[in-house]
Amino acid sequence: MGAILKTEKIVMKFEGLTAINNLNLEVQEHQIFGLIGPNGAGKTTAFNVITGFLVPTEGKVYFRGEDITGLKPNHITKRGIARTFQNIKLFPEMSVIENVMTGFHIHRKFSFFEAMFRLPRFFKDESKMYHQGMELLELVGLTEFAHEQAGNLPYGHQRKLEIARALATDPVMLLLDEPAAGMNPQESSELMDLIRKLRDERNLTILLIEHDMKVVMGICERIKVLDHGEEIAEGTPEEIRNNPRVIEAYLGEARKVA
Amino acid sequence: MIDKKRIRNWILTAISLVLLFLLLGYLNKHASSYVIQILNVTAIYIILTTSYNLINGITGQFSLEPNAFVAIGAYTAALLTMTPQEKAMTFIIQPCISPLNHISIPFLPAILIGGVVTAILAFLMGIPVFRVRGDYLAIVTLGFGEIVRVFATNAIPITNGALGLKGLKQYTNIWWTWGTAVVVVFFIVGLVNSSYGRAMKAIREDEAAAQAMGINTFWHKMLAFVVAAFFEGVGGGLLAHLLTTIDPRLFTFFLTFNLLIMIVAGGLGSTTGAIIGAILFAWGSELLRWMEEPHVILGIHTPGIPGMRMVTFSILLILLMIFARNGIMGRKEFSWDGFLGFFSRRILRRA
């Protein structure tokens with residue numbers, strides 16, 4: 001079984017600052033992979049490089065064997081990588097269902113002429129988008145908020161909506177940037193169930209950044225730890241928990257994981 | 001259930017359109033030519049604001065293009081409908097250049113070609129501008145407006161310079177203006193309520209997130225800009241054949257400025273708001289003419305002050321910006337559900 005996502009010696013420099021130094025990431029198909037590390041370790045930068053928001057200074061990104069380094073974000077999404085953002089990026093003035101339907105846009109089956117003239121194919125496809133959107137909202141448990149403005153949702157719901165919206169692009173791989181941030185224990189345990197469900201039922205591969213150690217240790221099968229842009233460890237949750245370098249760099253100063 | 005509602009909404013829309021055109025027909029017969037002129041201008045404003053709103057309000061790309069695009073549409077259409085004799089009579093400084101001087105085509109194809117020419121220019125302008133983010137579009141379109149104006153003043157063999165084009169046939173009447181306005185609104189509402197419209201709004205709300213949704217932001221900004229340009233060009237053709245005289249002074253930045261006032265007052269990003277803004281501006285600026293006439297108020301004689309109208313207008317605008325920053329509609333749209341719901345709630349409360 002080959003790696004679905006592979007990065008080779010990624011280096012990302014901003015002027016003088018090296019945000020990532022020599023990152024080699026290998027995520028296997030259907031894996032739930034965790035990327036952790038203290039603030040400023042370069043986790044989100046790694047996400048931005050993989051999804052095309054940043055072009056790496058050096059190194060390559062391969063997705064399903066193809067080189068995707070330097071492609072535009074929209075092209076990478078079309079190839080099957082969807083993501084959420086650490087600082088929630090919804091379309092706040094659009095309704096919840098509209099947010100999800102935006103994700104279906106790349107799969108539309110009508111031209112803008114058909115939309116302007118309102119030809120049958122437009123109505124058929126629009127109503128299909130609506131129904132599929134409602135299904136995704138049901139999956140993440142936001143059905144009752146479908147017609148609310150997205151910006152008015154509570155924080156935890158906004159995070160779930162971001163996941164639903166990312167799923168609408170019909171991805172092969174999902175990148176979640178701190179999905180549990182701002183959630184209470186109840187919500188984050190629901191989130192863990194959801195992430196497992198997505199992997200099992202939708203055959204997704206999931207790469208996630210998370211600070212909540214309960215979530216990370218609970219669902220990830222493999223974890224990589226970054227610190228100041230450098231890799232310091234990789235392994236199963238068990239190995240990471242007992243790795244002295246990780247405890248020193250990260251867990252030791254914050255809290256000791258039981 | 002949804003389909004039943006959709007059919008009801010279509011019937012209601014059809015009935016109100018019939019009523020609108022019956023009213024227009026009545027006014028066309030019985031109202032003074034002054035009122036008819038304002039009605040025509042209102043419809044042209046509606047065409048211009050709804051298309052301007054598509055790029056400025058819906059897609060959120062601040063642009064200052066309308067005066068340039070209206071001018072291009074107006075000049076193109078006018079040059080195409082004028083007969084060779086009319087051209088020979090109008091171009092007194094220098095004769096009209098060769099292929100143009102013996103072309104003369106009917107009105108409808110002329111205004112459509114006006115729209116197409118405008119759309120092509122918009123496309124060419126969009127290629128460099130939409131590759132970068134930020135306010136470049138405003139700067140480029142502002143500059144382009146000036147270029148068009150200078151071109152119209154100095155390219156005498158094509159535009160007849162400062163003298164402008166005179167003696168156009170008045171093809172535009174109330175049916176042309178309002179018919180076009182209805183068609184334009186139909187198209188734009190269709191586009192805005194489709195997946196394309198959602199993609200455009202997504203770009204306005206958060207461009208990075210829109211890209212993460214796989215949306216090609218370059219092409220969607222371009223789509224909004226080119227569609228807006230096409231309808232603005234058509235509006236320009238209608239305007240030229242309504243006024244029958246066009247010259248470069250008609251298409252200064254003030255036209256854009258006025259349209260900007262209309263869409264902001266109506267509610268940036270709302271097509272309904274754009275329509276309301278157009279109607280209020282067209283009629284409001286006529287009603288305020290009263291301010292410029294001499295009056296006797298409470299025995300005090302006030303002289304007519306030219307320009308008072310614009311002063312009052314500015315004050316109204318400042319008040320609007322202070323107390324209703326989102327304009328009249330905000331980003332809300334008219335819907336039959338909302339409309340009927342409003343009235344049924346009122347009736348229920350009374351009962």
Side-chain angles (χ1 to χ4, degrees), chain A residues 47-48 51-53 72-85 87-95 97-119 122-123 125-127 129-131 149-151 162 165-166 168-171 175, chain B residues 1-3 6-7 10 13 51 54 57-58 60 131 183-220 222-224 226-227 230-231 267-270 326 330-333 335 337-338:
Chain A
F47 264 32
N48 286 338
T51 53
F53 283 91
K72 290 254 170 67
N74 48 316
H75 292 128
I76 289 175
T77 306
K78 277 187 183 158
R79 288 186 182 218
I81 301 182
R83 71 170 292 181
T84 65
F85 294 87
N87 46 343
I88 302 174
K89 280 180 175 291
L90 288 170
F91 308 125
E93 293 210 21
M94 293 164 74
S95 73
I97 181 73
E98 276 183 317
N99 265 271
V100 178
M101 285 166 83
T102 311
F104 291 120
H105 186 62
I106 49 171
H107 303 299
R108 69 194 177 268
K109 292 189 178 62
F110 57 92
S111 68
F112 74 95
F113 276 114
E114 283 169 296
M116 286 170 94
F117 287 92
R118 301 170 205 220
L119 298 180
F122 157 70
F123 284 115
D125 207 31
E126 281 282 321
S127 92
M129 285 181 185
Y130 179 82
H131 290 296
Q149 250 193 16
E162 260 209 335
R165 190 181 65 171
T169 63
D170 196 16
L175 272 58
Chain B
M1 186 61 201
I2 286 166
D3 280 47
R6 192 187 290 160
I7 291 165
W10 274 351
T13 309
S51 38
L54 185 66
I58 304 285
R131 292 208 176 277
V183 170
V184 169
V185 170
F186 174 83
F187 282 155
I188 286 181
V189 169
L191 191 61
V192 169
N193 289 338
S194 77
S195 189
Y196 290 89
R198 281 193 296 275
M200 289 170 188
K201 287 184 205 161
I203 293 170
R204 172 190 74 195
E205 303 275 303
D206 194 317
E207 197 164 336
Q211 274 185 310
M213 292 294 100
I215 293 165
N216 187 326
T217 53
F218 175 79
W219 281 113
H220 284 82
M222 187 68 104
L223 177 66
V226 169
V227 168
F230 176 79
F231 290 133
L268 202 58
S270 162
N326 295 327
R331 275 184 179 149
K332 291 189 195 71
E333 295 287 356
S335 75
D337 298 336

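Chain identifiers are assigned alphabetically (A, B, ...) following the order of the sequence lines, protein sequences preceding nucleic acid strands; residue numbering begins at 1 within each chain.
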Checklist outcome for this item: chain B shares the most heavy-atom pairs under 4.5 Å, among A82(A), G103(A), S111(A), with S111(A)

Item to check | F122(A) versus chain B, the contacting section by heavy-atom distance below 4.5 Å | outcome: side chain

Checklist entry - At a heavy-atom separation under 4.5 Å, does I188(B) approach chain A through its side chain, its backbone, both, or neither? => result neither

Checklist outcome for this item: Turns out that what part of E98(A) lies under 4.5 Å from chain B's heavy atoms comes down to both

Next on the checklist: Is V227(B) close to chain A through its backbone or its side chain, or both, or neither, when contacts mean heavy atoms under 4.5 Å?
Outcome noted: side chain

Checklist outcome for this item: Shortest non-hydrogen pair, Q211(B) vs T77(A), comes out as O-OG1, 3.7 Å

Checklist entry - Considering only heavy atoms, which portion of R79(A) lies under 4.5 Å from any heavy atom of chain B: side chain, backbone, both, or neither? => result neither

Item to check | Distance-minimising heavy-atom pair for K78(A) and G214(B) | outcome: CE-O, 3.8 Å

Next on the checklist: Given the ring of F104(A), does R198(B) sit roughly above its face, with NZ or CZ under 6.0 Å from the centre of the six-membered ring and within 45° of the axis?
Outcome noted: no

Next on the checklist: To the nearest 0.5 Å, what is the distance between CG on N99(A) and CG on D206(B)?
Outcome noted: 10.0 Å

Checklist entry - Does M213(B) reach the side chain of R165(A), with side-chain heavy atoms less than 4.5 Å apart? => result yes

Item to check | Straight-line distance of F113(A) CZ to Y196(B) OH, nearest 0.5 Å | outcome: 10.5 Å

Next on the checklist: I'd like to know which of A199(B), G269(B), A208(B) tops the heavy-atom pair count under 4.5 Å against chain A.
Outcome noted: A208(B)

Checklist entry - Under a 4.5 Å heavy-atom cutoff, which of H75(A), E162(A), M94(A) has the most pairs with chain B? => result M94(A)

Next on the checklist: If you compare all heavy atoms of A209(B) against all heavy atoms of K89(A), which two are closest, and at what distance to 0.1 Å?
Outcome noted: CB-O, 3.3 Å

Checklist entry - Looking only at heavy atoms, which two atoms of I215(B) and N74(A) are closest? And how far apart? => result O-CB, 3.4 Å

Checklist entry - Between atom OG of S194(B) and atom CE of M101(A), what is the distance when rounded to the nearest 0.5 Å? => result 9.5 Å

Item to check | Distance in Å, T102(A) OG1 paired with I203(B) CD1, rounded so as to fall on 0.5 Å steps | outcome: 10.5 Å

Item to check | Rounded distance (nearest 0.5 Å) linking atom CG of N216(B) with atom CD1 of I106(A) | outcome: 11.5 Å

Item to check | Shortest non-hydrogen contact between F123(A) and W10(B), atoms and distance | outcome: CZ-CZ2, 3.7 Å

Item to check | Heavy-atom proximity to chain B below 4.5 Å, by part of T169(A) | outcome: side chain

Next on the checklist: Once rounded to the nearest 0.5 Å, what's the spacing between atom CZ of R204(B) and atom CD of E93(A)?
Outcome noted: 6.0 Å

Checklist entry - Is there side-chain contact between K72(A) and T217(B), with heavy atoms separated by less than 4.5 Å? => result no

Checklist entry - Closest heavy-atom contact between H105(A) and S195(B)? => result ND1-OG, 2.6 Å

Next on the checklist: Can you tell me which portion of L90(A) sits under 4.5 Å from chain B's heavy atoms? Options are side chain, backbone, both or neither.
Outcome noted: backbone

